[in-house]
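The structure appears below as structure tokens.
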Amino acid sequence: MALERFEITEKERIASDEYRIAVRAPRIPPKAKAGQFVIIRPDEMGERIPLTLMDFSDTDGTIEIVFQVVGTTTAKLERLEVGDCLEDVVGPLGRPTEVESVGKVVCVGGGVGIAALYPIARAFVEAGNDVKVLLGSRDREHLILTDRIEELDAGLEIATDDGSVGVRGFVTELLLRAIEEWKPDRVIAVGPVPMMRAVAMLTKERGIPCMVSLNAIMLDGTGMCGTCRCEVAGETMFSCVDGPEFDGHEVDFDMLLMRLGAYSSEEEESRKLFAGNADSYRHPCGEGA
Ligand code: NAD
Ligand code: FES
């Protein structure tokens with residue numbers, strides 16, 4: 001079988017440390033649904049990282065993903081340009097979001113998690129729900145994808161930590177107001193763990209169902225290696241096959257945070273090593289790609 005070429009067809013810097021790329025992967029869009037993710041490897045020596053699908057187009061056979069430059073793999077992705085190829089893209093993986101017509105749905109996105117929230121909010125709109133999207137960002141510079149979200153038939157409210165756009169404060173302040181004034185039937189949250197934990201607490205106290213999307217470290221993405229294990233309702237779950245979305249009221253967020261930091265010293269060492277060679281890094285389409 002011929003090797004697939006996962007060519008980068010678009011690259012856009014959307015914040016100082018965040019990029020949107022479109023990648024040709026024609027086998028993925030026909031099967032992809034909101035909430036699912038892919039596991040990518042930039043080159044044959046690279047680690048595997050999961051990235052939630054931001055969009056997928058059957059027409060041109062591309063997927064769109066957003067990444068924040070935090071470690072070696074995302075620093076490698078930052079070096080790649082349109083016309084370069086990823087080594088592999090596996091997916092769609094994970095269970096899709098359970099999208100039903102429930103009435104009023106609040107979608108809460110924080111930071112780079114806004115990219116993963118976008119297709120979920122769109123799917124809830126398309127299912128006939130009354131949708132409110134609440135976005136939280138550090139500042140104007142880090143606020144992403146508002147143009148895409150504004151195109152949805154949904155309400156949009158924004159909070160920034162420094163008040164440069166929308167309300168000053170955390171996105172949870174918008175959520176509190178939405179709960180009191182709008183009385184949602186369901187809340188979905190995607191973003192940093194402290195944000196998802198805060199959303200889960202607020203909704204649990206008020207008896208509102210809440211789903212969160214866990215950003216666990218992953219390796220094989222098939223439920224075999226155990227790397228992405230987490231605890232939900234006292235049971236061990238694998239984010240890659242049982243999730244990535246879970247009932248926020250039942251997630252052990254402390255365990256998630258602990259496992260996310262498990263390799264931080266190795267990641268730091270690897271990042272420093274790569275930084276010394278970053279200027280010469282390329283992965284053109286061709287052998288092995
Ligand atoms: P960030 O730290 O800039 O925070 C973004 C917003 O989240 C803040 O502006 C605020 O509104 C809200 N927030 C943060 N902490 C909060 C708290 N304690 N209480 C209430 N609200 C809070 O976000 P970032 O640096 O862009 O996010 C990076 C994180 O998001 C990474 O940890 C990444 O792994 C995670 N992420 C998760 C997913 C997912 O599927 N869950 C997807 C992409 C990224
Ligand atoms: Fe290996 Fe989920 S990534 S079990």
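From a predicted model like this one, the values you see are computed outputs, not experimental measurements. Counting convention: from 1, in listed order, for ligands and their atoms alike.
- Those atoms of ligand 1 with a heavy atom of S137 less than 4.0 angstrom away are 9 (O).
- Salt bridge status for D161 with R138: absent, with no side-chain N to carboxylate O gap under 4.0 Å.
- A salt bridge does not link D88 to R48: none of the charged nitrogens lies less than 4.0 Å from a carboxylate oxygen.
- The heavy atom nearest to atom 24 (P) of ligand 1, out of those in M201, E245, R138, is found in R138.
- With a 4.0 Å heavy-atom cut-off, ligand 1 is reached by the side chain of D161 but not by its N, CA, C or O.
- Shown here is E268, whose CD atom has more than 12 heavy atoms of other residues, nucleotides or ligands within 6.0 Å.
- Considering only non-hydrogen protein atoms, atom 17 (C) of ligand 1 sits nearest to F170 CE1, 3.4 Å.
- At a threshold of 2.8 Å, atom 1 (Fe) of ligand 2 has a backbone or side-chain N, O or S atom of C225 nearer than that distance.
- Side chain to side chain, E87 and H283 meet the donor-acceptor criterion of an N or O pair below 3.5 Å.
- Remark: E157 engages K132 in a salt bridge, criterion side-chain N to carboxylate O under 4.0 Å.
- What sits closest to atom 18 (N) of ligand 1 on the protein, heavy atoms only, is P194 CB, 3.4 Å.
- Centred on atom 2 (Fe) of ligand 2, the angle running from C228 (SG) to C240 (SG) is recorded as 100°, rounding to 10°.
- The existence of a salt bridge linking K11 and E81 is confirmed by a sub-4.0 Å separation between a basic side-chain nitrogen and an acidic carboxylate oxygen.
- Ion pairing between a basic and an acidic side chain is recognised when a charged N comes within 4.0 Å of a carboxylate O; R122 and D55 show such pairing.
- Protein heavy atom closest to atom 5 (C) of ligand 1, with residue, atom name and distance, is G111 N, 3.4 Å.
- Counting heavy atoms only, P192 comes closest to atom 7 (O) of ligand 1 of the residues G243, P192, G191.
- Each of the following atoms of ligand 2 lies closer than 4.0 Å to a heavy atom of M224: 4 (S).
- Between the side chain of R24 and the backbone N or O of D60, at least one donor-acceptor pair lies under 3.5 Å.
- Of the heavy atoms in T172, only side-chain atoms (C-beta onward) come closer than 4.0 Å to ligand 1.
- In terms of protein heavy-atom proximity, atom 26 (O) of ligand 1 is closest to V112 N, 2.9 Å.
- With ligand atoms numbered from 1 in the order given, ligand 2 contributes 3 (S) to contacts under 4.0 Å with heavy atoms of L219.
- Of all the heavy atoms of Q68, the ones lying under 4.0 Å from any atom of ligand 1 belong exclusively to the side chain.
- A salt bridge does not link E151 with R148: none of the charged nitrogens is closer than 4.0 Å to a carboxylate oxygen.
- Considering only non-hydrogen protein atoms, atom 11 (O) of ligand 1 sits nearest to V171 N, 3.0 Å.
- Interface of S213 with ligand 1, defined as ligand atoms under 4.0 Å from a residue heavy atom, comprises 39 (C), 40 (O), 41 (N).
- Distance from atom 6 (C) of ligand 1 to its nearest protein heavy atom, with residue and atom name: G136 O, 3.6 Å.
- Protein heavy atom nearest atom 43 (C) of ligand 1, with residue, atom name and distance: G113 CA, 3.7 Å.
- Among protein heavy atoms, atom 33 (C) of ligand 1 sits closest to N215 ND2, 3.5 Å.
- Distances from ligand 1 to the non-hydrogen atoms of M196 include at least one value under 4.0 Å.
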Derivation of the salt bridge (charged side-chain N to carboxylate O under 4.0 Å, His left out) call for E18 and R13: CA-CA 6 Å; E18 291 166 27; R13 190 177 199 151; over 6 Å; no
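- When only modelled atom types and interatomic distance are considered, E47 and T73 share a side-chain donor-acceptor pair under 3.5 Å.
- One finds no salt bridge joining R168 and D162 here, because no Lys/Arg side-chain nitrogen approaches an Asp/Glu carboxylate oxygen to under 4.0 Å.
- Contact atoms of ligand 2 toward G221: 1 (Fe), 3 (S) (distance under 4.0 Å to a heavy atom of the residue).
- Residue G223 has at least one heavy-atom neighbour below 4.0 Å for each of these atoms of ligand 2: 4 (S).
- The main-chain N or O of S16 is found under 3.5 Å from a side-chain atom of E141 such that the two form a donor-acceptor pair.
- In the model, E78 has a side-chain atom that pairs as donor or acceptor with a side-chain atom of Y19 under 3.5 Å.
- Set against the non-hydrogen atoms of G226, the atoms of ligand 2 under 4.0 Å away are 1 (Fe), 4 (S).
- Checked against atom 1 (Fe) of ligand 2, the N, O or S atom of D220 at the shortest distance is OD1.
- Remark: ligand 1 atoms within the under-4.0 Å shell around heavy atoms of V190 are 38 (C), 39 (C), 40 (O), 41 (N).
- The side-chain heavy atoms of N215 and M196, taken from C-beta on, include a pair separated by under 4.5 Å.
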